[in-house]
Amino acid sequence: MRSHTCGELHRENQGQRVTLCGWVSSARNHGGILFVDLRDRYGVTQITFDPEAGGTPPEILEQASRLGNEDVIRVQGRVALRAEGQNNPNRCTGEIEVFADQLELLSKSEPSPIDLSEKNETSIETRLRYRYLDLRRPSLLQGLAFRSKFCHALREHLLGQDFIEVETPILTRTTPEGARDYLVPSRIHSNKFYALPQSPQIFKQLLMVGGVDRYFQIARCFRDEDLRADRQPEFTQLDLEMSFVEEEDVLQVVEAAVVHAFKRCLGIDLKTPFPRLRHEEAMERFGNDKPDLRFGLELVDLSALVARTEFKVFTSALEAGGCVKAIPVPEGADLSRKEIQGLEEVAKEYGARGLAWCKLGDEGLSGPVAKFFAGDLQEELIERTGLKPGGLLLFGAGDRTMVLRSLAEVRNALGKKLGLTPEGEFAFAWVTHFPLFEWNEEKQRFEFSHHPFTAPEDWDVDFSKDTEKVASRAYDLVLNGWELGSGSIRIHRQDVQQRIFEFLGMSPEEAQEKFGFLLNAFRYGAPPHGGFAFGIDRIVTLALGLDSIRDVIAFPKTASAACLMTDAPSPADPAQLEELKIRLIPKKEEAQA
RNA sequence: GGGGGUGUAGCUCAAUUUGGUUAGAGUACCGGACUGUCGAUCCGGUGGUUGCGGGUUCGAGUCCCGUCGCCCUCGCCA
């Protein structure tokens, strides 16, 4: 149907007779001569309808004058070099044009609800409703192409490392821990439900028991939780698992795959090895477990020092068992009161009561808390924080978890504000040795912080002693302050698994009921194994310098998990419900009516 | 479930401190002019239940109450 695409004709094609197909992206009619920008996935080529210089039959020019934006056409003509001064340097096809002598209207378009000229940005709502039009925008199309290439590179690398790509079920059983499941009713087994997988976790471990040795999958995962810019109800992970390995083996494989993909798709040589931080070190230095390592601004603990001040906010925080930390900001004294107030708002969002601060000038400290640091204390503070004249010090005081959390967010806001987060810089990092357990305040008990099969760092550790500090063999991959994914070395020893369940107050019967098929499998010789999974949507978003994973998903859902294009979810037909033996509970207002 | 933002022409936005005539502009679309444009230009035109429902008022895009969609976010989750 076509001899070339709209992105491939150049100077060398001069004089060739070609046939092109595509969408009319703009038509400029000058009366006796008419230009059409013809667009397809590959680019834009200018089609010129010119009876005199171009040999366009007058009736074809007449036909072309009726073309509208987004009409789909097929044209035939001759490639010609443009005259001096008529080149368009913004386009790779800008040195040539095609003089058309034949035109075929393949499909007429109504006016587009989306402004594809990108003169103004159409609202995300309209874009999602008409996603098939939105996709025509080069940036979105290129995003999809990049994603495809990225996945290909990962596949290519892992297949070269003896991994086997295996598909695991989408219809599976509900799992008790973790996120809320999407449920699918069973027709054959009435009153029973499948669940969509939150991840292929258990299946991949069973593949290890099955001797697959090295597995990977680009797997769709489903979680029925509330959405964010970096979270969709269905998302894609590169999931992998390996037998007879330790942390080092897994980390190296993942790292090499990422390095390969970045090289292949962006031409970037990532620095290896990625920095590694133990979990407690990341928390101490950056306040969270997914630090943005593109910049410093590390936290400094000042608890011991400020215990000697008279500042009630600090001393009472310490008396209550909390801590006082600070972020020294070089050159931060340039920030205005208002800007600091903005940072305080950030801190408050995460539970801080306020954000104390002081500045260091040539004549010592100034600002709200300066007066509490006199003489020796002032000198010690300056020494301890490394503050230089022109610097700013931001304090967080109170409950340790809250201080870390709020200062971590203040740090991120500062990084952005001070221009320390340049696009095109990729700061990967591993965070290792996550705690095995986590205190659940609501339920007043310990829970798995990763998942039930994560191995403890020490097989023989006593879980009851310093429970919160018991380290696991779980690790996360972090990029520019985003958590990309996580993994762990798993428990292959029944005795250890049993001890953990026992410690969490789960009876053998309960464990059997919840995870029976996996525990049973482990009775028949389970190889030591471990693995990893990271979010494809997220890594591709970051690689392209975008803000939302929506931009790399063809048909994303809204914040309320709806699809505006298909109008999913939708009511079910009563006959379908009948067949599934499902009766609906009316909403409150309907019940009252 | 909570907080913040937002909703006006197909699209992107405006509409005067504190309510006041016929709700405007750009773009798109339609018609006309135009032989080198590439955000073409020039002239003319169509296009509105101001998200929806109620209320206050002589009068509501504007004020009040409710409700819905979308975005960001807390909780939740990865």
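Reckoned from all heavy atoms, side chains included, excluding hydrogens, waters and symmetry mates. The chains referred to below are lettered A, B, ... by the order of the sequence lines, with proteins before strands, and numbering in each begins at 1.
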Can you find a side chain N or O atom of T122(A) that sits less than 4.0 Å from OP1 or OP2 on C11(B)? no
Strand partner of G36(B), provided both Watson-Crick or wobble distances fall under 3.5 Å: none
Whether S26(A) contacts A40(B) is assessed here as follows: a side-chain N or O lying under 4.0 Å from the phosphate OP1 or OP2. Is that the case? yes
Any chance CZ of R17(A) has more than 12 other-residue heavy atoms, nucleotides or ligands included, within less than 6.0 Å? yes
With a 4.0 Å cutoff (strictly under), does any side-chain N or O of R28(A) reach OP1 or OP2 of G39(B)? no
Rounding to the closest angstrom, what is the interatomic distance between C52(B) and G48(B) at atom C1'? 16 Å
Counting heavy atoms from C-beta on, name the nucleotide in C71(B), G36(B), C34(B) closest to the side chain of N29(A). C34(B)
Ignoring backbone atoms, test whether N69(A) places a side-chain nitrogen or oxygen under 4.0 Å from the OP1 or OP2 oxygen of A28(B). no
Would you indicate, yes or no, if U12(B) has its OP1 or OP2 atom less than 4.0 angstrom from a side-chain nitrogen or oxygen of S123(A)? yes
Could you identify the nucleotide paired to C29(B), looking across every strand shown and requiring Watson-Crick or G-U wobble geometry with both distances under 3.5 Å? G45(B)
Are side-chain N/O atoms of S199(A) and Q237(A) paired as donor and acceptor at under 3.5 Å? no
Separation of the P atoms in G7(B) and A14(B), to the nearest angstrom: 7 Å
Measure from the side chain of A179(A), starting at C-beta and using heavy atoms only, and say which of C77(B), G69(B), G36(B) lies closest. C77(B)
Please determine whether any donor N or O and acceptor N or O are separated by less than 3.5 Å between the side chain of Q46(A) and the base of U37(B). yes
Measure from the side chain of E225(A), starting at C-beta and using heavy atoms only, and say which of C77(B), G36(B), C11(B) lies closest. C77(B)
Distance between C1' atoms of U37(B) and U73(B) (Å, rounded): 47 Å
In terms of the angle between their ring planes, are H279(A) and F434(A) parallel, tilted or perpendicular, with boundaries placed at 30° and 60°? tilted
Same-atom distance (P) from U57(B) to U12(B), integer angstrom: 37 Å
Hey, is the side chain of R129(A) pairing donor to acceptor with the base of C70(B) inside 3.5 Å? no
Would you tell me if any nitrogen or oxygen in the side chain of R538(A) comes within less than 4.0 Å of OP1 or OP2 on C77(B)? no
Taking the inter-plane angle between the rings of F532(A) and Y475(A) on a 0 to 90° scale, is it parallel (under 30°), tilted (30 to 60°) or perpendicular (over 60°)? parallel
Let me know the distance between CZ of R127(A) and P of G7(B), rounded to the nearest Å. 19 Å
Using only heavy-atom distances, decide whether a donor-acceptor pair under 3.5 angstrom links the side-chain of R223(A) to the base of C77(B). no
Winner on side-chain proximity to A229(A), out of C38(B), A78(B), U73(B), is U73(B)
Counting just side-chain N and O atoms, does R405(A) come under 4.0 Å of either OP1 or OP2 of G75(B)? yes
D115(A) (side chain) and C11(B) (base): donor-acceptor pair under 3.5 Å: no
Do we see H30(A) stacking on the base of A40(B), given a limit of 5.5 Å between centres and 30° between planes? yes
Shortest side-chain distance from D226(A), nucleotide among C70(B), G36(B), C76(B): C76(B)
Check whether T172(A) reaches the backbone of P169(A) with its side chain - one donor and one acceptor, N or O, closer than 3.5 Å. no
Nucleotide forming a Watson-Crick or wobble pair with G7(B), both distances under 3.5 Å: C68(B)
Mind running side-chain hydrogen bond (donor to acceptor under 3.5 Å, both in side chains) on S117(A) and D115(A) for me, showing each step along the way? CA-CA 5 Å; S117(A) 71; D115(A) 188 348; 2.6 Å; yes
Of the options U12(B), G36(B), C70(B), whose atoms approach the side-chain atoms of S560(A) most closely? C70(B)
Between A28(B), C71(B), G36(B), which nucleotide gets closest to the side-chain atoms of P111(A)? A28(B)
If pairing requires Watson-Crick or G-U wobble contacts with both distances under 3.5 Å, which nucleotide is the partner of C13(B)? G24(B)
Flag, side chain of K204(A) to backbone of L240(A), donor-acceptor distance under 3.5 Å: yes
Between C70(B), C38(B), C71(B), which one does the side chain of A559(A) approach most closely? C71(B)
Among C74(B), C72(B), G69(B), the one nearest any side-chain atom of E125(A) is G69(B)
Side chain of R228(A) only, heavy atoms from C-beta on: which candidate in G69(B), G36(B), U73(B) is closest? U73(B)
Take atom C1' in U62(B) and the same atom in G19(B), then report the distance between them in whole Å. 6 Å
Please measure how far the P atom in A40(B) lies from the corresponding atom in C29(B), and state the result in whole Å. 10 Å
Within this structure, what is the OH-to-P distance between Y350(A) and C76(B), rounded to whole angstrom? 13 Å
